[in-house]
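Quick notes on the structure that follows.
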Amino acid sequence: MPYLVSFHMGWLIGSVLLGFCMGWISVVQRGNGTSKVTARWLALLAAGLVAASLAHVVPGRFGYWLDLGLIMFACYLVGCTIGAWLRDRVVSRSTPPG
């Protein structure tokens with residue numbers, strides 16, 4: 001894991017920055033979102049992929065890609081969270097009191 005982080009630092013920083021930008025511009029939700037059933041299935045899929053990565057179920061190159069993809073996805077989500085939080089702080093501070 002430290003090898004992935006040190007070797008792919010540029011890609012990981014890029015995924016954090018991309019996540020930050022997406023979190024910054026997508027604060028306003030205009031759709032219904034996903035249903036609870038779909039969200040549970042997606043959470044189960046993500047948990048299964050993390051478990052497969054930790055258990056080293058997928059060997060070789062595909063296991064390496066799985067680990068890298070999960071790390072990049074985690075960095076993206078962290079960037080999205082930070083971007084949305086900062087946007088909320090900036091927008092809420094700049095609105096005049098009603």
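Predicted, not measured: the structure shown is a model, and the values here were computed from it.
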Working to the nearest 0.5 angstrom, can you tell me the gap between His8 NE2 and Asp67 CG? 10.0 Å

Which residues satisfy the side chain to side chain contact (heavy atoms under 4.5 Å, CB included) test with Phe7, sequence neighbours excluded? Tyr3, Tyr64

For residues Leu17 and Leu68: do they belong to one hydrophobic cluster (side chain heavy atoms under 4.5 Å, members Ile, Leu, Val, Met, Phe, Trp, Tyr)? yes

Quick one, Val90 and Trp24 - any side-chain contact, counting heavy atoms below 4.5 Å? yes

In terms of hydrophobic clustering (I, L, V, M, F, W, Y; side-chain heavy atoms under 4.5 Å; direct or indirect links), are Ile25 and Leu77 co-clustered? yes

Kindly work out whether a path of hydrophobic side-chain contacts (I/L/V/M/F/W/Y, heavy atoms less than 4.5 Å apart) joins Leu42 to Met22. no

In Å, rounded to the nearest 0.5 Å, how long is the span from CG of Leu18 to CE of Met72? 9.0 Å

Taking the side chain as everything from C-beta on, heavy atoms only, tell me whether Leu86 gets closer than 4.5 Å to Phe20. yes

Does the side chain of Val16 come within less than 4.5 Å of Tyr76's, by heavy atoms? no

Mind checking what makes side chain to side chain contact (heavy atoms under 4.5 Å, CB included) contact with Leu49, not counting sequence neighbours? Leu45, Leu66, Leu70

Once you measure the plane-to-plane angle for Trp65 and Phe62, does it fall in the parallel (<30°), tilted (30-60°) or perpendicular (>60°) bin? perpendicular

Once rounded to the nearest 0.5 Å, what's the spacing between atom OG of Ser53 and atom CD1 of Ile71? 7.5 Å

